[in-house]
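One structure is given here, and the rest of the page talks about it.
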Amino acid sequence: MNGCKHQEKPLSILRQSDGQIQKSIPIQFHDLAQSAGLTYRYGHKTLEKLSALDTIGHGCAFLDFDGDGKLDILLVGNDHCLLYRNRGDGTFEDVTERAFPGAPRKPQLLGCAVADYDGDGYPDIFVSGYGRNILYHNEANGTFRDVTSNSGLEANSPDEWNSSAVWADIEGTGRLDLYVCRYVLFNSHTLQLCHYTTLDGKDILTACGPLNYKPQKGSLYRNLGGGRFKDVTRESGLSVAHGNALAAMFCDFNNDGKTDLYVANDQLQGDLFLNGGHGKFKSVAVEYGVAFNANGAVPAGMGVDWGDYDGDGRFDLLVTDFVAQPKSLFHNDGTSFSQMSYPSGIGAASVRSLTFGGAFIDADNDSMLDIVMTNGHVVPQVDLTDRGQTYAQPTLIFRNTGGHFEDISNIAGPDFARKIVGRGVAIGDYDGDGREDMLIVDDEGAPLLMHNDSPNTNHWLNLRCLRRENGSDAVGARVTISTGAKKQISEVRASGTYLSTNAPVVHFGIGSNTAIDSIDIRWPDLKVTHFSAVAADRSYIINPNTKSLTSISPR
């Protein structure tokens with residue numbers, strides 16, 4: 001589909017601890033959006049006098065909306081959502097008009113959170129925005145119905161700035177609850193633009209930073225069933241969040257069977273909430289060492305992800321940050337976190353980038369999580385005020401070399417050299433070849449569908465964990481696999497980094513191993529299912545009531 005796929009690819013060079021030079025399997029991605037049929041274009045008519053709301057960006061998602069086993073694509077446009085159905089041949093069909101019949105086109109839509117909130121086996125879509133939210137119910141016939149009215153998820157005011165949203169079962173009820181991040185109070189009575197002085201002494205007007213506004217705080221909505229939700233923020237303990245939130249992600253980081261929550265705040269300290277059970281959370285960010293970045297400053301938190309990057313069986317935390325600030329990699333030490341931004345190599349390598357989306361991905365299936373970062377400034381005229389900075393910036397990818405990360409952006413494919421206004425990013429294997437791909441929002445251009453063309457030398461495993469046969473995804477299930485002496489962990493989540501949602505499939509790269517010695521799935525009700533001697537290079541589907549894995553690949 002793309003001639004770049006067949007070019008000879010460079011090898012990245014790793015230096016081993018004994019000083020010898022080793023050639024590694026190259027990581028390669030190429031943007032196939034155009035040939036795949038993703039025709040939508042983001043962008044502003046002019047880059048003059050854009051406010052913070054204008055440049056905040058949009059999200060995207062991988063989802064299987066029609067239950068055919070293939071990942072489809074959702075793009076959140078400024079005034080409507082776009083849905084592309086996966087044809088299974090590497091191309092997508094625009095089914096937007098059919099999927100959202102009669103949907104009004106009103107700005108400002110921003111992000112998406114995809115999950116089956118009513119347990120009927122089909123994923124639904126929550127869309128966040130400025131002054132509005134939309135809850136789309138999947139009608140199981142290729143269409144979505146707007147059921148926002150009287151759901152309890154309506155925006156409370158016309159200036160409520162809803163950003164990222166994430167689904168999780170916080171109390172083990174079997175129903176998915178929703179946390180919605182909120183940013184700042186921005187309306188006709190607040191500052192619209194701020195004065196900046198250019199390098200040659202001129203004055204320009206452009207977007208203001210978040211500290212010029214009052215913070216808005218996020219809300220937790222308990223799923224009552226029947227399509228109804230109740231705001232339980234205060235009684236849950238989450239009302240003490242600092243505000244200015246742009247992203248969040250649930251994760252059982254302390255392995256006690258209860259899902260916890262990290263909230264990334266923009267120029268306010270980050271929030272980590274420990275789930276104490278019975279719907280109650282405790283703020284522990286300072287105590288656990290994740291409130292500030294590697295420079296000891298409040299972060300401009302924008303993207304977040306959890307993943308075990310060093311294979312010690314504990315989930316570590318990635319938080320993106322503003323330009324001139326290190327992006328945070330917090331290592332989970334068990335009872336607290338240590339800041340590994342600079343020691344890991346990502347701090348210095350990313351300090352010149354303004355990063356929104358940040359995600360873990362095992363790009364080469366070597367069993368070690370790599371990192372991708374989408375970048376782009378919030379001030380279109382930043383090159384006039386800050387020498388060396390640009391509005392559009394290259395995407396970064398870091399290869400995990402064993403707890404340390406090597407910036408391989410310059411050899412991982414020509415599309416990493418392209419400067420884009422990067423915002424949301426979603427991870428998923430859209431063509432079922434066992435290599436995770438990426439969907440990236442360029443807020444001033446076409447989305448990027450980054451197909452993973454890394455050599456298919458290493459082996460892999462995909463798992464779709466369902467609550468029951470033909471049921472919804474078992475959000476919160478923890479999967480542990482063993483290959484030889486190595487163990488890996490992952491979780492089923494209904495979330496992603498900035499404004500976006502990853503595919504609900506649990507993916508593992510297993511290197512040179514041709515089989516998985518054991519798989520243990522701890523379900524949301526804490527029961528455990530065990531499998532032994534599982535063949536690799538396959539996608540499986542499983543639920544708690546079956547005693548065998550069902551292979552659903554090759555496609």
Side-chain angles (χ1 to χ4, degrees), residues 110-111 113 115 117 126-135 148-187 210 213-254 256-288 290-291 298 301 304 475-476 494-495:
L110 299 174
Y117 73 83
F126 176 82
V127 183
S128 61
Y130 176 80
R132 62 189 299 232
N133 294 318
I134 308 172
L135 181 62
T148 317
S149 181
N150 298 317
S151 68
L153 298 178
E154 305 92 332
N156 296 308
S157 69
D159 54 12
E160 182 180 273
W161 190 333
N162 304 287
S163 53
S164 296
V166 286
W167 296 94
D169 181 359
I170 63 169
E171 296 182 75
T173 62
R175 295 191 294 265
L176 293 181
D177 311 296
L178 182 69
Y179 185 81
V180 181
C181 298
R182 296 199 182 95
Y183 193 40
V184 297
L185 180 62
F186 178 89
N187 56 35
Y213 307 99
K214 293 181 179 179
Q216 290 192 353
K217 295 188 177 185
S219 292
L220 177 66
Y221 297 93
R222 176 182 291 135
N223 188 339
L224 303 177
R228 296 281 297 164
F229 294 81
K230 179 184 178 182
D231 188 335
V232 294
T233 311
R234 185 172 298 279
E235 51 262 53
S236 71
L238 296 180
S239 61
V240 300
H242 288 81
N244 290 13
L246 287 175
M249 186 175 287
F250 286 98
C251 175
D252 179 13
F253 75 88
N254 61 350
D256 66 353
K258 299 183 289 289
T259 190
D260 311 298
L261 177 66
Y262 183 85
V263 183
N265 304 318
D266 190 0
Q267 295 195 16
L268 293 175
Q269 71 177 63
D271 286 308
L272 178 64
F273 292 101
L274 192 66
N275 188 337
H278 308 290
K280 304 294 184 181
F281 289 83
K282 177 184 178 183
S283 177
V284 295
V286 174
E287 174 186 346
Y288 276 73
V290 294
V298 290
V304 58
V475 176
S495 59

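Throughout, residue positions are numbered sequentially from 1 according to the sequence presented. Computation of the quantities below employed the complete heavy-atom set of this structure, encompassing side-chain atoms and omitting hydrogens, waters and symmetry-equivalent molecules.
A168 and T259 make their closest contact through CB-CG2, 4.2 Å (heavy atoms, listed as atom of the first residue, atom of the second, distance). V263 and C181 make their closest contact through CG1-SG, 4.5 Å (heavy atoms, listed as atom of the first residue, atom of the second, distance). Nearest heavy atom pair, residue V286 against residue A291, reads CG2-CB, 3.9 Å. Nearest approach of L224 to K230, heavy atoms of both residues: CD1-CB, 3.8 Å. Residues L268 and G243 share a closest heavy-atom pair of CD1-O, 3.7 Å. In plain terms, the two heavy atoms of H242 and P215 that are nearest each other are O-CB, 3.8 Å.
In this structure, the side chain of D169 engages the main chain of G174 through a donor-acceptor pair within 3.5 Å. Between the K258 side chain and the G277 main chain, no donor and acceptor come within less than 3.5 Å of each other. Distance alone, capped at 3.5 Å, places no donor-acceptor pair between the E160 side chain and the N133 backbone. One N or O on the side chain of S128 and one on the backbone of G111 form a donor-acceptor pair closer than 3.5 Å. In this structure a side-chain-to-backbone donor-acceptor pair under 3.5 Å is missing from W167 to Y117. One N or O on the side chain of T233 and one on the backbone of L220 form a donor-acceptor pair closer than 3.5 Å. A donor-acceptor pair is defined here as one N or O able to donate and one able to accept, closer than 3.5 Å; no such pair exists between the side chain of D266 and the backbone of Y183. In this structure, the side chain of N187 does not engage the main chain of D159 through any donor-acceptor pair within 3.5 Å. With E154 contributing its side chain and G152 its backbone, the two residues share a donor-acceptor pair below 3.5 Å. Checked by atom type and distance alone, the side chain of R175 pairs as donor or acceptor with a backbone atom of N223 at under 3.5 Å.
Considering V180, I134, N162 as possible partners of F126, the one that fulfils the side-chain contact (heavy atoms from CB on, under 4.5 Å) test is V180.
Between Y262 and F253, every side-chain heavy-atom pair lies at or beyond the 4.5 Å cut-off. Residues L274 and L272 have side chains not in contact (no heavy-atom distance under 4.5 Å, counting atoms from C-beta outward). Side-chain atoms of N265 and L246, non-hydrogen and from C-beta on, never get closer than 4.5 Å to each other. With contacts defined as side-chain heavy-atom distances shorter than 4.5 Å, the pair L238/Y179 qualifies. When side chains are defined from C-beta on, W161 counts as touching L110, because their heavy atoms get closer than 4.5 Å.
Here the CG-OG1 distance, from L153 to T148, works out to 7.5 Å after rounding to the nearest 0.5 Å. A distance of 6.5 Å separates OH of Y130 from CZ of F186, quoted to the nearest 0.5 Å. Separating the NZ atom in K217 from the CZ atom in R234 is a distance of 9.0 Å, to the nearest 0.5 Å. For the atom pair CZ (R182) and OG (S163), the distance works out to 9.0 Å, reported to the nearest 0.5 Å. We find the CG-CD1 distance between L176 and I170 to be 11.0 Å, quoted to the nearest 0.5 Å. Between the CG atom of L135 and the OG atom of S149 there is a distance of 11.0 Å, given to the nearest 0.5 Å.
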